[in-house]
**Q** 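One structure, as structure tokens, below. Some questions next.
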Amino acid sequence: MPIDDDRAPLYSVGQVAGMLQVQQAFLRRLDEYEVVRPQRSTGGQRRYSRREISRLQYVVTLVDEGMTLAAIRRVLELEHEVRALRQELEAARRRIVELERRPPRR
């Protein structure tokens, strides 16, 4: 069911603005700056998932700390890269363990 899916685009701009106590224009600007890109309904309206709302909460915190939208976008990009590199590192570690457990070849 979509309501159980944290990626389901269920919330409108107005709903999210109310939840986060921000202006709708601020959410539209985050979309324009590609900081948080919500999905679009068939009618072209922005629709946010719970995952995007969590990300928006984080962005609002960074804005409150004085960061620019360009800086926030870069922080989010770098955090994404770090997560990907950590996954690669973990996969490499698992592979090393797997190879070390194999009996030596003659």
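Sequential numbering from 1 along the given sequence is applied to the chain's residues.
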**Q** What residue pairs, at least two apart or across chains, pass side chain to side chain donor-acceptor pair (under 3.5 Å) with a residue in residues 52-62?
**A**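 Found Ser49-Glu52, Tyr58-Glu79.
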**Q** For the atom pair CZ (Arg50) and CG (Leu10), what is the distance rounded to the nearest 0.5 Å?
**A**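 So the CZ of Arg50 and the CG of Leu10 are separated by 7.0 Å.
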**Q** Donor-acceptor pairs under 3.5 angstrom involving side-chain atoms of residues 85-101: please list them, not counting sequence neighbours.
**A**
{"unit_1": "Arg95", "atom_1": "NH1", "unit_2": "Glu98", "atom_2": "OE2", "d": "2.5"}

**Q** According to the side chain to side chain donor-acceptor pair (under 3.5 Å) rule, which pairs have a member within residues 64-74, sequence neighbours left out?
**A** Arg74-Glu77
**Q** For residues 16-42, run the donor-acceptor check on the side chains, cut-off 3.5 Å, and write out each pair with its distance to 0.1 Å, sequence neighbours left out.
**A**
{"unit_1": "Asp31", "atom_1": "OD1", "unit_2": "Arg37", "atom_2": "NE", "d": "2.5"}
{"unit_1": "Asp31", "atom_1": "OD2", "unit_2": "Arg40", "atom_2": "NH2", "d": "3.1"}
{"unit_1": "Asp31", "atom_1": "OD2", "unit_2": "Arg46", "atom_2": "NE", "d": "2.7"}
{"unit_1": "Asp31", "atom_1": "OD2", "unit_2": "Arg46", "atom_2": "NH2", "d": "3.4"}
{"unit_1": "Glu34", "atom_1": "OE2", "unit_2": "Arg37", "atom_2": "NH1", "d": "3.4"}
{"unit_1": "Arg37", "atom_1": "NE", "unit_2": "Asp31", "atom_2": "O", "d": "3.4"}
{"unit_1": "Gln39", "atom_1": "NE2", "unit_2": "Arg7", "atom_2": "O", "d": "3.4"}
{"unit_1": "Arg40", "atom_1": "NH1", "unit_2": "Gly44", "atom_2": "O", "d": "2.9"}
{"unit_1": "Ser41", "atom_1": "OG", "unit_2": "Gly43", "atom_2": "N", "d": "3.3"}
{"unit_1": "Ser41", "atom_1": "OG", "unit_2": "Gly44", "atom_2": "N", "d": "3.4"}
{"unit_1": "Ser41", "atom_1": "OG", "unit_2": "Gln45", "atom_2": "N", "d": "3.1"}

